[in-house]
There are 2 protein chains.
Amino acid sequence: MPASSTPLGHEPLSQEALRARLTAHGIGATAQRLEIAALVLSEPQHVTAEIVLSRLGALGRRVSKATVYNTLNLFAARGLLRTLAIDPDVTWFDSNTDAHFHIQHVDSGELVDLDPHSVRLVGLPPLPPGTEVAGIEVVIRVRAQTG
Amino acid sequence: MPASSTPLGHEPLSQEALRARLTAHGIGATAQRLEIAALVLSEPQHVTAEIVLSRLGALGRRVSKATVYNTLNLFAARGLLRTLAIDPDVTWFDSNTDAHFHIQHVDSGELVDLDPHSVRLVGLPPLPPGTEVAGIEVVIRVRAQTG
DNA sequence: ATATGTGCAAATCCTTTGCATAGAA
DNA sequence: TTCTATGCAAAGGATTTGCACATAT
């Protein structure tokens with residue numbers, strides 16, 4: 001576990017800081033990974049592989065789709081990102097790894113963080129014997145008001 | 001599956017009752033739909049298209065994969081089932097349409113209802129303006145205890 | 001008859017994978 | 001070197017779709 005370079009972990013990060021962050025997580029700092037890290041880790045956000053790919057394209061950086069998927073999955077495995085398994089259509093990656101919940105617009109798929117202080121999960125559910133919590137996800141799906 | 005309780009609409013259903021239920025929801029009562037309804041609506045449970053397909057096969061009923069998907073989606077659209085969009089690998093359909101949350105085993109994918117009385121969501125999240133709640137999903141993912 | 005539903009196969013879409021090449025230690 | 005990462009295209013798996021045939025009212 002790192003915790004060395006960035007207190008909150010989401011300040012605009014220098015190339016050096018990014019490299020240190022990857023290294024601290026046991027991730028080799030390649031050009032492509034640094035590009036993706038710069039896009040994704042600089043501030044809390046929700047991204048899909050497709051989004052990362054298009055942003056890279058907009059910046060003129062050419063990174064293959066396979067590498068984007070590999071990198072996002074690697075970051076998630078090493079704790080730099082959190083995988084959100086709440087959308088059947090696409091895998092979302094969250095650069096905010098703190099415990100928090102989400103609002104999703106069902107029409108656009110867009111995700112928004114839920115204010116951690118506004119909603120709370122109360123009560124200890126009886127877990128199946130021999131199991132432990134791997135993660136908790138709360139999604140409030142919203143749509144445009146009808147009528 | 002021990003039916004310790006019997007939520008609304010989950011009594012063992014006769015062919016007549018099933019037909020009436022479909023008709024009441026504006027669904028034409030075809031042979032295939034009745035087969036699937038008998039399997040799925042008779043008691044609260046979580047199923048995937050694949051599960052329904054294999055159960056039908058085990059009973060010697062031949063229903064095409066396309067029809068199983070069409071039927072489950074139709075049932076969900078008409079309110080007989082609830083779609084659970086919490087598993088990136090597969091779409092789960094829940095024949096318990098009452099508000100409740102879930103525990104999922106990350107290894108097997110298996111879903112279990114969370115006792116509605118043990119866990120509660122507290123606090124009103126500020127919804128994006130012009131939106132209304134379409135649904136709320138809470139998933140507690142568990143895994144086999146390590147160590 | 002006339003509108004609907006079913007089944008098969010092909011098509012889609014997201015994601016992963018195999019393998020040859022390129023880069024880093 | 002020697003190990004690891006990248007890129008391309010193909011593979012994979014769940015779900016949808018087009019269309020001809022069958023069914024129901």
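We use all heavy atoms of the structure for the numbers below, so side chains are in, but hydrogens, waters and symmetry mates are not. Please read all numbers here as calculations on a predicted model, not as lab measurements. A, B, ... follow the sequence lines: proteins, then strands. Residue 1 opens every chain.
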Completion exercise
dist B/Glu137:CD -> B/Leu84:CG (nearest 0.5 Å) comes out at 5.5 Å
Exercise for the section: Calculate the interatomic distance between A/Arg62 atom CZ and C/dT21 atom C1'; express it in whole Å. Expected result: 16 Å
Practice task
Between C/dG7, D/dG7, C/dT16, spot the one nearest the side chain of A/Asn73, thanks.
Solution key: C/dT16
Practice task
Would you indicate, yes or no, if D/dC8 has its OP1 or OP2 atom less than 4.0 angstrom from a side-chain nitrogen or oxygen of A/Ser64?
Solution key: no
Exercise for the section: For the side chain of B/Tyr69, starting at C-beta, report the closest nucleotide among C/dT6, D/dT16, D/dT6. Expected result: D/dT16
Exercise for the section: Please report, rounded to the nearest Å, how far the P atom of D/dC3 is from the CD1 atom of A/Ile27. Expected result: 22 Å
Fill in the blank from the handout: Rounded to the nearest 0.5 Å, the CD atom of A/Glu35 sits from the OG1 atom of A/Thr30 at a distance of 9.5 Å
Practice task
Just call it for B/Asn70: base, sugar-phosphate, or nothing, with non-hydrogen atoms closer than 4.0 Å on any strand.
Solution key: base
Handout entry: Heavy-atom check, side chain of A/Val138 versus side chain of B/Leu121, under 4.5 Å
Key = yes
Exercise for the section: Report the distance from atom CD of A/Glu35 to atom P of D/dT6, rounded to the nearest whole Å. Expected result: 12 Å
Handout entry: Distance in Å, A/Leu18 CG paired with A/Ser42 OG, rounded so as to fall on 0.5 Å steps
Key = 8.0 Å
Exercise for the section: Select base, sugar-phosphate, or nothing to describe what A/Thr91 touches, counting heavy atoms under 4.0 Å on all strands. Expected result: sugar-phosphate
Problem - Which nucleotide in D/dT6, C/dG5, C/dG7 has an atom nearest any side-chain atom of B/Arg33 - result: C/dG5
Exercise for the section: Can you figure out which of D/dA9, C/dC8, D/dT15 approaches the side chain of A/Ala66 most closely? Expected result: D/dA9
Exercise for the section: Could you tell me whether the phosphate oxygens of C/dG23, OP1 or OP2, come under 4.0 Å of any side-chain nitrogen or oxygen in A/Thr30? Expected result: no
Problem - Spacing of B/Arg19 atom CZ relative to D/dT25 atom C1', expressed in whole Å - result: 13 Å
Exercise for the section: Among D/dT15, D/dA5, C/dT16, find the nucleotide with the atom closest to the side chain of B/Val90. Expected result: D/dT15
Handout entry: Euclidean distance, A/Asp113 CG relative to A/Phe101 CZ, rounded to 0.5 Å
Key = 11.0 Å
Practice task
Output yes when at least one side-chain N/O atom of B/Gln32 is less than 4.0 Å from OP1 or OP2 of D/dT23, else no.
Solution key: no
